Amino acid sequence: MERPIGVFDSGVGGLTVVKQLSKILPNEQLIYFGDTARIPYGTKSKRLIQQFALEDALFLLQFNIKFLVVACNTASSSALEILIQRLTIPVEGVVEPGAQTAVQKTRNGRIGIIGTSATIKSSSYSKSILKLMPEAEVFGQPCPLLVPLVEEGWLDDEVTKMTLKKYLAPLMEQKVDTIILGCTHYPLLEKAIQQIVGPQVTLIDSGKETARVVKERLAALKLVNAGPKPNEDLYFVSDSARQFSQVGSRFLEKQLENVQRIDFDEFLIKHSDAPLLKNLEVLHEE
Ligand code: DGL
């Protein structure tokens with residue numbers, strides 16, 4: 001089936017997931033929405049993250065997408081359930097695929113999660129892990145300073161290394177043998193993190209695991225595009241296209257083309273009566 005796959009994130013970070021999807025599903029057209037005007041999601045309340053996720057999904061639905069990938073860990077942690085409830089197409093987030101692999105890889109059952117404050121607060125990864133491995137011990141560590149450091153390109157900088165050491169120390173004290181990189185930006189820090197925690201700790205890239213699961217689900221649902229890629233990937237953002245292209249090229253490790261800024265406020269006003277956005281009062285604070 002030639003219809004595209006929709007992917008959304010709070011900004012540029014979801015391109016780490018796009019990179020993995022493109023590698024494993026080269027014939028699928030991807031349509032990406034990065035909500036760069038409203039990033040970060042990681043510091044926002046559950047209610048707001050859910051509302052934003054529904055709005056982002058609504059934008060992508062215009063393109064007749066056959067499958068939705070929630071690349072953002074924060075949105076996957078707080079809004080996956082409501083997206084699955086309200087959308088008629090299949091949806092995959094990044095939390096469960098990462099949790100599944102962590103459970104397979106751990107030898108001592110002690111698993112660390114690093115992510116935004118909202119992701120850690122939601123306990124989404126712990127819940128998924130404990131469902132699969134009730135005896136596991138899960139330790140969450142919010143790392144709010146890492147997103148800006150990565151976007152700044154300070155991957156190998158002393159400031160980043162010091163920050164990582166401070167964030168990772170409590171996990172190492174707990175003797176975790178597996179750490180989930182529970183944020184779109186962290187795959188860019190994989191080398192630096194591995195150097196700090198040592199080779200005996202397995203790092204799990206949630207985006208990579210998600211791409212694998214999306215491939216399996218497309219096959220199971222008979223949604224695979226058997227022919228060549230029908231069209232180039234498209235990228236939409238709610239703030240500057242230039243800024244997104246510059247930072248995004250580093251995330252994707254290739255030049256970014258086809259980036260368009262959209263007036264998201266105008267889009268939302270125009271679609272304020274969309275059924276997907278009805279009854280938002282059922283979303284509640286947590
Ligand atoms: N994309 C977000 C995530 O994976 C990180 C950036 C943000 O806080 O919005 O959690």
Side-chain angles (χ1 to χ4, degrees), residues 6-21 32-57 59-60 68-80 83 91-99 102 112-126 128 140-155 160 163-164 167 179-190 193 203-211 235-239 243-244 247-248 250-252 264 286:
V7 183
F8 82 80
D9 178 49
S10 54
V12 72
L15 294 177
T16 55
V17 182
V18 165
K19 191 174 138 198
Q20 301 295 341
L21 286 167
Y32 183 89
F33 177 59
D35 192 7
T36 48
R38 303 193 295 191
I39 192 177
Y41 283 12
T43 52
K44 307 244 166 22
S45 68
K46 178 168 177 173
R47 207 206 79 84
L48 203 55
I49 297 164
Q50 290 182 328
Q51 182 195 319
F52 287 178
L54 288 168
E55 291 169 350
D56 298 346
F59 177 77
L60 287 170
L68 178 69
V69 180
V70 184
C72 180
N73 283 257
T74 303
S76 297
S77 295
S78 294
L80 193 69
L83 287 167
V91 184
E92 187 62 60
V94 287
V95 171
E96 258 185 53
I113 320 290
I114 52 175
T116 63
S117 302
T119 295
I120 301 303
K121 189 169 166 222
S122 74
S123 302
S124 57
Y125 276 103
S126 318
S128 292
Q141 174 65 49
C143 306
L145 295 177
L146 297 184
V147 165
L149 288 171
V150 172
E151 292 202 5
E152 205 54 40
W154 290 13
L155 306 182
T160 307
T163 311
L164 279 173
Y167 282 145
I179 296 178
I180 300 181
L181 309 179
C183 174
T184 47
H185 290 57
Y186 302 172
L188 279 85
L189 295 171
E190 194 168 343
I193 295 172
L203 301 183
I204 312 284
D205 174 347
S206 285
K208 193 167 168 187
E209 301 310 321
T210 303
Y235 300 90
F236 295 92
V237 286
S238 48
D239 198 3
Q243 168 81 0
F244 180 86
V247 180
R250 268 195 275 119
F251 279 69
L252 209 52
F264 200 41
E286 227 175 62

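Since we're looking at a predicted model, the values are computed, not measured. Counting starts at 1 for both ligands and their atoms, in listed order.
Ranking protein heavy atoms by distance to atom 10 (O) of ligand 1, first place goes to T74 OG1, 2.6 Å. With respect to atom 8 (O) of ligand 1, the closest heavy atom belonging to the protein is G42 N, 2.9 Å. Of the protein's non-hydrogen atoms, the one nearest atom 6 (C) of ligand 1 is S10 OG, 3.6 Å.
Residues C183 and V147 are in side-chain contact: their nearest non-hydrogen atoms beyond the backbone lie under 4.5 Å apart.
For CD of Q141, the number of neighbouring non-hydrogen atoms (other residues, nucleotides, ligands) closer than 6.0 Å is greater than 12. Around atom NZ of K44, more than 12 heavy atoms belonging to other residues, nucleotides or ligands sit under 6.0 Å away.
Inclusion of T43 in the set of residues having an N or O under 3.5 Å from an N or O of ligand 1 is not warranted.
When each atom of ligand 1 is checked for a heavy atom of D9 under 4.0 Å away, the hits are 1 (N). Residue I39 approaches ligand 1 through these ligand atoms, each under 4.0 Å from one of its heavy atoms: 9 (O).
Ring centroids of F264 and F33 are separated by less than 6.0 Å, placing the two rings close together.
A donor atom on one side chain and an acceptor atom on the other are found under 3.5 Å apart for D35 and Y41.
For T116, every heavy-atom contact with ligand 1 shorter than 4.0 Å involves the side chain, none the backbone. Contact annotation: for T184 versus ligand 1, heavy atoms closer than 4.0 Å belong to both the backbone and the side chain.
The pair R38-D56 meets the salt-bridge criterion, since a charged nitrogen lies less than 4.0 angstrom from a carboxylate oxygen.
Under the side-chain hydrogen bond (donor to acceptor under 3.5 Å, both in side chains) test applied with T74, the options D9, T116, T43 reduce to a single match, T116.
Of the candidates G13, G207, C183, the one placing a heavy atom closest to atom 5 (C) of ligand 1 is C183.
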